[in-house]
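Worksheet: the structure to be examined is printed underneath.
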Amino acid sequence: MPTDAVGRFLAALDPQRREAVAGRPRQEQERLAAAWEEELGSDDELDTLDELSPPAAEAEAARRVMDREG
């Protein structure tokens, strides 16, 4: 299991988005991973989901970040 933020973010993405993000420059990957970590930490709904299923909460936060990206 990845331990750095970018690796954990990539692991939380669905396969198609993971491939697209993996092809982006490292700096952009780090920016997206930071936004993902912020989403995980700031949303109470995700806190509740995280208690039930941490992978589901991470995937939902990743989806939200990528949806905002357009």
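Because the structure is predicted, anything quoted here is derived from the model rather than measured.
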**Report entry** Criterion salt bridge (Lys or Arg N to Asp or Glu O under 4.0 Å) against Glu69, the qualifying member of Arg17, Arg31, Arg64
**Finding:** Arg31
Query raised in the report: Does CD in Glu38 sit with more than 12 non-hydrogen atoms of other residues, nucleotides or ligands closer than 6.0 Å?
Result: no
Requested in this report: Kindly check if the number of other-residue, nucleotide or ligand heavy atoms within 6.0 Å of CD (Glu19) is above 12?
Outcome: no
Please report the closest heavy-atom contact between [X] and [Y], naming both atoms and the distance.
X	Y	value
Val21	Phe9	CG1-CE2, 4.0 Å
Glu58	Trp36	O-NE1, 3.0 Å
Ala22	Leu10	N-CD2, 4.1 Å
Ala5	Glu37	CB-OE2, 3.5 Å
Ala62	Leu13	CB-CD2, 3.7 Å
Ala57	Leu40	O-CD2, 3.7 Å

Note: [X]-[Y] ion pair, threshold 4.0 Å (strictly below):
X	Y	value
Asp14	Arg63	no
Arg24	Glu30	no
Arg68	Glu39	yes

